[in-house]
Amino acid sequence: MEYNFKDIEARWQQYWRDGQVYKVSNDPSKPKCYVLDMFPYPSGAGLHVGHPLGYIATDIYSRYKRLKGFNVLHPMGFDAFGLPAEQYAIQTGNHPGAFTDENLLRYRQQLDAIGFNYDWDRSVETHRPDYYKWTQWIFIQLFHSWYDKKAEKARPVAELEALFALQGNQGLDAATDMVAVFTAQDWAAMDEKARQETLMHYRLAYQSYTDVNWCEELGTVLANDEVKDGVSERGGYPVIRRPMRQWSLRITAYADRLLKGLEIIDWPDSLKEQQRNWIGRSEGASIVFQVAPPEAGQADSAGQIEIFTTRPDTIFGATFMVLAPEHELVEHISSQGQQGEVAQYKEYVQNRSERERQAEVKKVTGAFTGAYAIHPFTQERIPIWISEYVLMGYGTGAIMAVPSDDERDQTFAKHFGLPIVPVVDKTGYPADAVKVGKLINSDFLNGLEVKEAISLMCRKVEEMGIGKAKVNYRLRDAGFSRQRYWGEPFPIYYKDDMPYTLPEDQLPVTLPEVESYKPTGTGESPLATATDWVNLSDGTKRETDTMPGYAGSSWYFLRYMDPHNNTEFAGKAALDYWQDVDLYVGGSEHAVGHLLYSRFWHKFLHDLGYVPSEEPFKKLVNQGMIQGVSEKILMSTGGKLNKTFHDYGGILIPRDNPNNLSYTYYYSDDFYTEEQKASGGLTAINVPIQFVTNNVLDIPKYLISDKGKGLKENAVFLAQNGYWQNGEFHHIDVSQNHLHHNYTTEEIKNLSSDFRTFSEVEKMSKSKDNVVNPDDIIAKYGADTFRLYEMFLGPIELSKPWITNGLDGVAKFMRKFWRLFYDENGLKVTDAEPSKAELKTLHKTIKKIEEDTERLAFNTCVSAFMICVNELTELGCHKKAILKDLVVLMAPFAPHVAEELWQHALGQPGTVNDAAFPQFKPEHLVESSFNYPVSINGKVRANIELPLDMDAATVQETVLSLEDVQKWTEGKAPKRFIHVPGRIVNVVV
RNA sequence: GCGGAUGUGGCGUAAUUGGUAGCCGCACUAGACUUAGGAUCUAGCGCCGCGAGGCGUGGGGGUUCGAGUCCCUCCAUCCGCACCA
């Protein structure tokens with residue numbers, strides 16, 4: 001009886017479905033374990049072999065945990081709103097939902113074929129109204145919340161209103177962009193609209209005017225990744241920054257907690273570091289500089305400039321100030337004489353693309369405003385400049401420039417001839433050390449260490465009322481509006497031009513049908529065209545923007561806990577039971593997107609008392625990418641090639657090319673684009689990998705495929721001893737061709753008619769023709785082999801190319817494993833007592849699998865199985881007592897075959913998923929003796945078998961009396977004798 | 001430039017966490033069985049050397065009886081951020 005995976009896998013997948021084997025209930029009698037994958041966006045292309053890598057890992061882990069007695073939640077769902085479906089809808093006019101549902105179904109079939117243990121009943125799909133109802137609900141909660149920095153948590157806006165009525169906005173420490181101060185009386189005097197406008201500065205979901213990427217030609221707002229080098233990716237039209245009234249989430253309120261939370265979670269360092277950088281916390285001080293009166297003798301000041309600095313200690317070295325060109329003060333303070341220059345510079349900056357700006361970081365540009373600031377300590381007049389190196393988006397958009405201590409300020413000062421006053425003496429410190437040294441030329445700070453000076457200065461400016469210690473973050477609030485169709489509608493309507501939330505009983509606000517998904521041209525989303533939907537009966541209007549892609553993915557992991565709840569996003573009992581995600585596996589591309597937003601939402605829901613945990617994902621692992629191995633050929637891009645072969649027969653150029661690119665082919669002239677002709681030379685192009693075997697292209701097959709069709713008439717594929725045209729090979733006598741004189745006769749004999757490709761590792765993608773579909777692998781090798789092989793490739797964190805070749809090794813192992821149970825005569829399993837050696841093999845494996853599964857080292861698990869099966873085969877072991885445990889060990893990895901053997905070969909009742917993980921018994925591994933490597937001065941020179949319980953003195957005596965040892969020590973007494981029981985013996989002479 | 005990570009055979013990788021480096025697999029070589037092999041089995045497979053032996057974990061140095069593992073330094077590759085005051 002041979003291993004027939006096709007039959008086995010189909011049968012057991014059916015069995016699991018029918019028996020609802022993977023149904024998960026919230027069972028408080030068992031410890032919980034929540035294992036999560038980042039849910040996929042169901043694109044039209046389907047899964048390739050790279051996608052399931054993480055899914056297989058979590059599947060193994062969750063099955064293992066189940067065997068260990070945990071109640072495991074291991075769900076799967078789909079992140080279904082998104083741009084590709086929208087673009088498809090725009091192009092075809094079809095509804096993006098139908099397209100999404102089709103893709104989703106295909107994904108699900110592909111996933112099921114791999115044999116995952118998902119409880120599909122808990123599936124979450126973000127575009128379903130019964131799911132996004134709760135996304136909208138959470139948005140409403142954000143809208144009605146503000147952040148109290150003193151209490152370090154979100155609180156209801158109603159409480160804020162009460163505070164305003166009591167004390168205005170004074171004495172509050174709230175996360176807000178409001179600078180104006182108002183009193184209780186002011187608040188009382190405000191009308192409804194003014195109050196709403198005020199509250200907007202405090203809400204965690206708020207509206208403001210923020211810049212968007214606006215493309216006039218396309219009449220639409222573009223996402224950042226739709227803009228390349230200042231022009232639209234599609235069409236290449238210019239894109240400008242334009243302010244638009246938009247929703248944002250006040251994630252900055254949580255900056256500190258998002259930072260602190262990183263300390264308690266088990267994530268990869270690189271990922272934590274990315275989030276830290278993204279949040280970008282820096283401690284320093286904000287200090288206000290008065291602008292000097294425009295004309296000497298004039299009394300009133302022209303305003304003040306607030307700056308942020310991490311080095312308040314260096315203030316005596318501040319010889320000038322720099323504002324961002326976009327700073328609002330620039331226009332007010334510029335002197336008459338300088339206005340022209342300032343305007344010119346501002347225009348120059350505006351016309352520079354992001355790319356230019358970044359490419360020329362070292363270029364020094366700027367303009368003098370003609371205005372001066374008063375140095376708060378020396379009372380000197382210091383000039384105010386503008387320059388693009390000061391960014392409006394960071395700090396206050398203004399700096400005090402300390403050229404002695406800041407590299408950029410120094411370059412600027414040198415370029416424009418501004419004074420430089422040294423204020424920090426770094427004698428005794430390395431030149432590149434930061435925040436060290438003694439202050440000089442700094443009045444009352446002189447002689448202090450930098451660190452002392454910083455804290456003294458912070459106190460001083462506060463005393464003087466011109467500044468205070470401040471923590472600044474790089475993190476910006478998150479834009480939450482999209483002018484698109486395919487996203488969650490906002491539960492918002494407008495009255496008197498102010499947004500209000502719809503009552504909860506009107507949720508979900510479902511997407512209306514629209515006639516066209518195309519951009520409206522006005523910057524509004526396509527929803528705006530559904531006038532029946534937009535205009536409410538009472539004369540108010542709905543919000544027509546939709547939420548961004550990350551809205552639905554920011555909380556989906558909570559919905560899995562209680563997916564069918566109609567009255568809450570998830571019930572308290574479920575939330576309290578499942579708590580948080582124990583293991584989260586996914587790609588690192590979400591490092592500062594999804595993973596930061598999710599943490600933010602989770603903390604917010606925690607503040608409101610809904611979720612018990614502070615952090616959503618306790619442990620996170622980034623799985624590596626499986627890359628594709630592309631097959632490439634060289635194509636001539638030169639012109640004038642539609643002549644006979646012999647005219648360019650000399651192009652067997654790369655005979656001694658280091659890359660072994662021995663062959664190339666040529667097209668006729670009219671095949672080439674003008675651009676290609678202009679460039680000349682050779683270009684590498686990808687050919688579909690299915691037409692390539694061992695770097696040899698199957699030309700006839702290629703030419704009848706879609707990809708190669710166009711080449712049939714035009715292409716000449718030049719091989720070593722001839723050429724291919726129209727799928728036929730034409731031999732040429734190379735020895736007769738004067739262009740090949742550099743071949744020897746011997747070499748000519750070995751020339752071949754193969755048309756060779758060369759391989760390159762790239763990202764696996766349709767456009768590169770290097771996609772390996774898991775369906776094909778499963779059809780040929782089976783899902784169990786596929787799963788084992790993906791794990792065998794290496795640690796899951798590592799990126800590696802997909803090499804189909806290696807599958808044979810795992811397939812061989814599976815047959816060997818099968819043969820422990822069955823041979824050509826049928827069942828071989830016996831009830832005989834296991835031998836010592838067999839028990840040792842088994843328990844060695846149990847130990848290894850247990851340890852390595854816990855640390856997610858699945859690659860070494862597969863190796864351990866191979867060793868185990870090899871040893872059992874060698875021992876001729878077919879004993880039930882051994883095999884039963886082995887099958888349970890294998891079940892997480894190869895669930896189909898394990899289930900088959902469990903029930904049929906071993907005659908066990910029920911599913912193997914409900915078996916208990918075998919108990920490791922150390923006594924089976926304990927040896928009475930150990931074969932010690934004996935080294936002399938660290939070099940192994942002999943081996944000796946010694947009882948493990950032999951006392952130290954006897955060991956030493958026995959070892960030293962060995963003939964080999966005597967020879968190497970020349971009979972000398974050892975200086976030292978090291979004996980590590982069970983490890984090594986080392987003699988030092 | 002700053003930050004993070006990683007460097008082990010022809011390749012993917014492993015190493016009881018400081019204890020005989022190269023497990024397991026691929027590829028390769030030889031042999032067996034075959035009409036045949038992209039099947040199966042056996043053996044070999046880090047480098048140099050006929051051999052004894054020597055050398056080997058990116059380079060150099062150090063700690064240690066003993067270093068792939070710890071420390072210093074340099075180099076290379078990958079990833080992230082990038083005028084962040």
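Residue numbering restarts at 1 for every chain, and letters A, B, ... go by the order of the sequence lines. What's counted below: heavy atoms across the whole structure, side chains too, no hydrogens, waters or symmetry copies.
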Take the protein atom [atom1] of [X] and the nucleotide atom [atom2] of [N], then report the distance between them rounded to whole Å.
X      : N     : atom1 : atom2 : value
A:K847 : B:A15 : NZ    : P     : 13 Å
A:H327 : B:A85 : NE2   : C1'   : 13 Å
A:Y781 : B:G38 : OH    : P     : 13 Å
A:E388 : B:C83 : CD    : P     : 11 Å
A:L391 : B:A82 : CG    : C1'   : 10 Å
A:F308 : B:A85 : CZ    : P     : 7 Å
A:R976 : B:U64 : CZ    : C1'   : 9 Å
A:E854 : B:U17 : CD    : P     : 18 Å

- Under-4.0 Å salt bridge between A:K828 and A:D823: yes
- Task: Would you mind checking if A:K848 and A:E850 are paired as a salt bridge, meaning a charged N to carboxylate O distance below 4.0 Å?
- Result: no
Taking the [atom1] atom of each, how far is [N] from [M], in whole Å?
N     : M     : atom1 : answer
B:C26 : B:G38 : P     : 16 Å
B:G46 : B:G9  : P     : 13 Å
B:G49 : B:G62 : C1'   : 32 Å
B:C79 : B:G10 : P     : 25 Å
B:A27 : B:A39 : P     : 8 Å
B:G22 : B:G68 : P     : 12 Å
B:G58 : B:U69 : P     : 8 Å
B:C65 : B:U8  : C1'   : 25 Å

- Give the intermediate values and the outcome of ring-ring contact (aromatic ring centres under 6.0 Å, His included) for residues A:W818 and A:F5. CA-CA 11 Å; A:W818 183 260; A:F5 58 82; over 10 Å; no
Looking only at side-chain N and O atoms, does [X] come under 4.0 Å of OP1 or OP2 in [N]?
X      : N     : value
A:N622 : B:C79 : no
A:N472 : B:C84 : no
A:K812 : B:C26 : yes
A:R408 : B:C84 : yes
A:R474 : B:C81 : no
A:R983 : B:G66 : no

Sort out the partner of [N] for me: Watson-Crick or G-U wobble, both distances under 3.5 Å, none otherwise.
N     : result
B:C70 : B:G62
B:C84 : none
B:U6  : B:A76
B:A43 : B:U29
B:A36 : none

When we call it a touch if two heavy atoms are under 4.0 Å apart, what does [X] touch: a base, just sugar-phosphate, or nothing?
X      : answer
A:R815 : sugar-phosphate
A:K780 : base
A:I978 : base
A:K272 : nothing
A:P801 : nothing
A:N870 : sugar-phosphate
A:L271 : nothing

- Look at the aromatic rings of A:F920 and A:H843 and report parallel, tilted or perpendicular, splitting at 30° and 60°. tilted
- Task: Evaluate the ring planes of A:F412 and A:F320, with Trp represented by its six-membered ring, and classify them as parallel (under 30°), tilted (30 to 60°) or perpendicular (over 60°).
- Result: parallel
- In B:U17, glycosidic geometry as syn within 90° of 0 or anti otherwise: syn
- Note on the structure: With syn defined as a glycosidic angle within 90 degrees of 0 and anti as anything else, the base of B:G61 is anti
- Message: So for A:N986 and B:C65, does any side-chain atom that can act as donor or acceptor lie under 3.5 Å from a complementary atom in the base?
- Response: yes
Options [options], nucleotide nearest the side-chain atoms of [X]:
X      : options             : value
A:E273 : B:G3, B:G19, B:A5   : B:G3
A:K939 : B:C55, B:C24, B:A85 : B:C55
A:S270 : B:G4, B:A15, B:A85  : B:G4
A:R855 : B:C24, B:U17, B:G80 : B:U17
A:S863 : B:C24, B:C26, B:G54 : B:C24

- Message: Return whichever of A:V980 or A:S799 has its heavy-atom-nearest nucleotide of RNA chain B closer to the 5' end.
- Response: A:S799
- Message: Both A:M400 and A:I984 contact RNA chain B. Which one's nearest nucleotide lies toward the 5' end?
- Response: A:I984
- Message: Looking only at the aromatic ring of each residue, does the gap between the centers of A:Y348 and A:Y345 stay below 6.0 angstrom?
- Response: yes
- Sub-6.0 Å ring centroid separation between A:Y473 and A:W278: no
- Residue pair A:T396 / A:E306, side-chain donor-acceptor N/O under 3.5 Å: no
- Residue among A:P403, A:S404, A:P383 satisfying side chain to side chain contact (heavy atoms under 4.5 Å, CB included) with A:T319: A:P403
